[in-house]
Amino acid sequence: METIQTNTRRNKCINTFIQQRQRFGVRIERDRANLEACKLALINLKNYQSEFAASSVNAVSVERLKEIDFEVINRISNLLNVLEKLHYRCTRNTINIAVVGYARQGKSILLQSLTGLSNQVIPDGSEGYCTGTISKIVHQPGLQEAKAKVSFYSPKEFQAQVLAPYYETLDLDEKPVTVEEFARTPPPSLPLNKKDSEFDKARYGHLRKDYYSNINKYRHLLESPPIEIAESEIARYITQDASDEKGDKIVDYLAVKEVEIFCSFPYKEIGQISLLDLPGLGDTNLIEAKRLIKILSEEADIILFVRRPEPNAVWGEAHLKLYQIARDALNNFPLSKSSFMILNRTRNGVEGGDNSYRCQKLQAELKQTPIRVAKCIIADCSNSQEVFNEVLEPILNDLVDNVESIEKQYRQECEQQLNQLHRNISIELDKASLALTRYGDEDLLFEQLFEQFWHKLTNDLENLLAQLKENQYSLDQEFAEKVKNAIQKCRTDKIIPASCEEIAERRHLFGSYNTAYNEFLHEIRSNFLSNFLSLDEEMQHSLDNRKNLAVKIIKSHLGEFASSQEIDFLRYIYNILPDNASNLKLAFQKLYDFDVSNAGRIIRLVRINIDTLKPDNSKLSLSEPINLSEKQAKSEFHIEKQILHLLQQLYQQATDISEKALNQIVSEPSTDAYFMLEEFVDRVIRTKNAKLEWRIFLRKESSKIWSEFREIQQCVQQKQTLIALVERAKEVNGLLFK
């Protein structure tokens, strides 16, 4: 075929544009990486938000976090898909022109004229649909003969991308999981609700008659790596109606994912141009229709819609639908500036005859349709020179003039989406930051809890002190009962000798009545005092009971500290109070040390009143009773009787005097308790720095005292985690503008 000369400057412009676009692809890759990082950060934040909501004690923060619209993650995913396509577009080293059209419209003939390839490589059968798979035809100057690279589906890809869509679209049960399962089990019958649709029946025919019936003919290719083939072998892998030497249909195309054909176009200096040959639309092959959309969205820079006007041709629904498919596939890409309508003009002697008038008529009527293209061109697709002059030359010129602005517009729309997404993410992250404001604020919580503590402590201690003051001179019933029991024991105990004989025995032992008498006094006195030894402890017990009233109040406000023993609690608090809490330490020490039992107060009081039971204060003085003879008065029996009477009299006097003295102090535990606790209360709540010392101490031990503080420590950890997640999201979101 004669080589057609082209514009060298245009070739350089195209190549320069590709290089610029590839540099922009580096930026797109950076934006994609930042978006991926931002998406991951938001996903982590969303996941932790759920965990936070389940365990948080702060309902306000939970509700605020729920206001975050994590739908932005889906918007990121959508934009990532857009950027992926844009990145692929920018990193390609060719300008791709996709040729789209219904079957038998001249699409393959146009491709033959553009590429110089024969109908053995680009089939143009007069019946049916010839192209069985997608082909990419790459201009490679200097090639004497075309060659191709054929890529096959893997078994997994074939099941997911080829078989599964048929089963899902046709509502077929028992979708095969593997190719092996598909080979063993024929597709079930078409459901009743699909049997009235000619389109669905045709699709079912593709699945049953083509893919299932021929599975053993092409199945081996699903395991094959890509292969390189010569021009003579290309038809075998792209043509639907090829036959072997025996006349059997070749179905290798069913396993083909893509064919990339390399050939030298019949034009010089046209730049890095590739053509995309798509199976003719109108074919009910479900997979190729879906792949058409994917190809248009990811690979096409320019789209040529090819139509051969038939008799009575109009812009009907089918052609509007074809344009709609392309527009939906390209989304934001400016299809009106990057597509062309090629009306295939035929001559007399070919099918349909001369259709020049119909071409002109459709060209004029195109403006009244929703179809918007850069230009509508009439050309004989079978004439290579005319195709160059009327199709390729204008398109390449338009490409040089407009492709950069088209790409810029596409990029700007992507950048606008990126910027809007950045703003949306910032809004949602600001919500997260606001939700965490003062959340887990230990200082605020402590001040709130401390004020509650101080109010309750002072109120409870003052109430206790008022109660003790009111009863400070009242009888201590428990202590009075113990005194009564001690006196009663004195009166009932057999401390005094029971008979004169016992006194006589003691006199015989010592050989002296005076010595025996003194010994009895010592024994009686010591035994008498033993009845009162426990009263000091009983008085202390009464005081301890009052101490415990204060202890219980303190403990009721100190949480886990309540696990300590009652009195030991005072020592425990003293030991853990900081050294600078001097008032509190002294208060707890004095209350702990306050002890009347060690002072021997009761014994001292009793001893003062029983001096007559001491030998030095009670000399034996035997009386001379009247009416007794001298002999009788000096008889031993009479002396022993006098000693017994004297001991009884002294014991009775000591008991009575002790009872009187003790009854005067039965209110002293109440009095002592009042003044003891008044001193304690003064020091723990009334001294100048008492409140400050409590604040310092409780701040240190806050987690042991208040469950809220233990929870807030968890909140602090949660907050720190959330802040880290939010800050990470903000960081990567900020990268979108750099």
#### Entry: Distance-only polar pair, side chains of Ser670 and Arg546, donor-acceptor under 3.5 Å
yes
### Task
Enter the distance from Asp31:CG to His422:NE2 here, rounded to the nearest 0.5 Å.
12.0 Å
### Message
Check this for me: Lys585, atom NZ, are more than 12 non-hydrogen atoms of other residues, nucleotides or ligands nearer than 6.0 Å?
### Response
yes
### Message
For the backbone of Ala164 and the side chain of Gln159, can you confirm whether one donor and one acceptor N or O come within less than 3.5 Å of each other?
### Response
no
### Task
For Tyr473, look at atom OH and say whether over 12 heavy atoms of other residues, nucleotides or ligands are found less than 6.0 Å away.
no
### Candidate pair Tyr651 and Cys490, rule side-chain contact (heavy atoms from CB on, under 4.5 Å), full reasoning
CA-CA 9 Å; Tyr651 187 83; Cys490 289; 3.6 Å; yes
#### Entry: Beyond-backbone contact of Lys590 with Glu679, side-chain heavy atoms, under 4.5 angstrom
no
### Query
Has the side chain of Glu478 got a donor or acceptor atom that lies under 3.5 Å from a matching backbone atom of Ser542?
no
### Task
Identify the two heavy atoms, one from Asn424 and one from Arg75, that lie closest to each other, and give their separation to 0.1 Å.
ND2-NE, 3.9 Å
### Task
Could you tell me whether Asp593 and Arg571 have a side-chain N and a carboxylate O separated by less than 4.0 Å?
yes
### Task
Verify whether one side chain among Arg491 and Gln488 offers a donor that lies under 3.5 Å from an acceptor in the other.
no
### Task
Answer with yes or no whether the side chains of Gln416 and Asn419 bring together a donor and an acceptor at under 3.5 Å.
no
### Query
Okay, side chain of Thr671, backbone of Gln472: is any donor-acceptor separation there less than 3.5 Å?
yes
## Note on the structure
The reported gap from CZ in Arg686 to NZ in Lys691 (rounded to nearest 0.5 angstrom) is 15.5 Å
### Query
Taking the side chain from Glu502 and the backbone from Pro497, do they hold a donor-acceptor pair closer than 3.5 Å?
no
#### Entry: Donor-acceptor contact present, side-chain Asn663 to main-chain Glu659, <3.5 Å
yes
### Message
Less than 4.0 angstrom from a charged side-chain N to a carboxylate O is my criterion; do Lys39 and Glu36 meet it?
### Response
no
### Pairs where residues 515-532 contributes a residue and the test salt bridge (Lys or Arg N to Asp or Glu O under 4.0 Å) is met, not counting sequence neighbours
Arg506-Glu523
### Query
So, Arg695 and Glu451, do they make that salt bridge, N to O below 4.0 Å?
yes
### Summary
When Gln648, Lys641, Glu640 are each screened for side chain to side chain contact (heavy atoms under 4.5 Å, CB included) with Leu644, the one that passes is Gln648
#### Entry: All ring pair (Phe, Tyr, Trp, His ring centres under 6.0 Å) counterparts of Phe680, not counting sequence neighbours
Phe588
### Task
Taking the six-membered ring for Trp and the single ring otherwise, decide whether the centroids of Trp694 and Phe453 are under 6.0 Å apart.
yes
### Query
For the atom pair CG (Leu461) and NZ (Lys456), what is the distance rounded to the nearest 0.5 Å?
14.0 Å
